Amino acid sequence: MTRVIVKIPATSANLGPGFDTLGMALSFYDQYEAEVISSGLEIKIVGEGEADIPTDESNLIFSTLKLVFDRMGKTLPPLRITCHNNIPHGRGMGSSGAAVTGGIMLAAGLLQPEIVLTEQQLLDFATEIEGHPDNVAPALFGGLTIAWKDETGPHHKKLSVHRGISPLVLVPPNQMSTKLARSLQPESVPHTDAVFNVSRSALLVAALTQSPELTFAATEDRLHQNYRASAMPETSRLIEELRAKGHPAVVSGAGPSVLVLEDDPAKRAEAIKFVEREFSTWKALPLAVDFKGASVERQSGSGV
Ligand code: HSE
């Protein structure tokens, strides 16, 4: 029987100034398995979301997998899908991007060896379903990614992150809806704010790849965080307090988690102590940058 196992990293998008553009893969993973069975569809969720994620055809991993098969002109075989979910949901750590990426990679694994999807096809499918490429690009390819779209579709450039960067994700107990966060964005922004973010996001690419000591200056933002602050006041307060102490803290994705891009493990330990003392309901996850991105293992079988 054919069995495909995929491992997908959590991601943090925006990274402060790089709204809808920059993203980073983190060493925190969901693992999904698809096994070809004799009939029907079985979906089992273990871990995050096991009480509320649908286990029928509306399941995001399944609907993504099916879309890829449909587009490639293939009939989906009966499947047993098992999801080992670690990435917290609704926290700005790329859980929906991971589900979409996972569905695509399961499809890619099941379609092999008859069909081998290209990197561009993977990104096209993922962006079509997720809407914007800043979470799915690092989930697929790992590292730090710059993602953009033009008339031909989504594109990405993957970069290696400097070894001096020590990411820390701070996760609150509450969730935030990306849809709500996006509804708080204005239609247009002052030109000075646009220039401000162009300078900081350009600087951030240099800081994360060459000069970690610049991450504090490079993580300022005027395009999204303030507009969304009213929907996540505790996130704003934590970022303000961490930045007042010199920690390069930003909203992770659409929030409400906080990402701190420290340039020194000792400073990261200080930030963790502060959060444990002053924001005790928040969970601190000291992580590494994942450089590999989504991985696929295919066991036996000869295509479908
Ligand atoms: N760039 C997106 C946003 C990330 O901030 O809305 C969340 O998917």
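Predicted model, so just to flag it, every value in this text is computed and none were measured. Basis for what follows: all heavy atoms, side chains included, without hydrogens, waters or symmetry-related copies. Order of appearance sets the numbers: ligands from 1, and atoms from 1 within every ligand.
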Which atom pairs, nitrogen or oxygen on both sides, join ligand 1 and the protein at under 3.5 angstrom?
| unit_1 | atom_1 | unit_2 | atom_2 | d |
| --- | --- | --- | --- | --- |
| ligand 1 | 1 (N) | Asn14 | OD1 | 2.9 |
| ligand 1 | 1 (N) | Asp20 | OD1 | 2.5 |
| ligand 1 | 1 (N) | Asp134 | OD2 | 2.5 |
| ligand 1 | 5 (O) | Asn14 | ND2 | 2.8 |
| ligand 1 | 5 (O) | Arg228 | NH1 | 2.9 |
| ligand 1 | 5 (O) | Arg228 | NH2 | 3.4 |
| ligand 1 | 6 (O) | Arg182 | NH1 | 2.5 |
| ligand 1 | 6 (O) | Arg228 | NH2 | 2.9 |
| ligand 1 | 8 (O) | Asn135 | OD1 | 3.2 |

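Ionic pairing of Arg182 and Asp20 is present here: one or more N-O contacts between side-chain nitrogen and carboxylate oxygen are shorter than 4.0 angstrom.
Under the 6.0 Å distance and 45° angle rule, Arg71 does not count as a cation-pi partner of Phe69. A cation-pi arrangement, defined by a distance under 6.0 Å to the six-membered ring centre and an angle within 45 degrees of its axis, is present between Arg243 and Phe216. Cation-pi geometry between Lys7 and Tyr29 is met: the NZ or CZ atom falls under 6.0 Å from the ring centre, inside 45° of the normal.
Between Tyr32 and His84, the distance from one ring center to the other does not fall under 6.0 angstrom.
Side chains of Asp124 and Gln120 form a contact here, defined as non-hydrogen atoms less than 4.5 Å apart.
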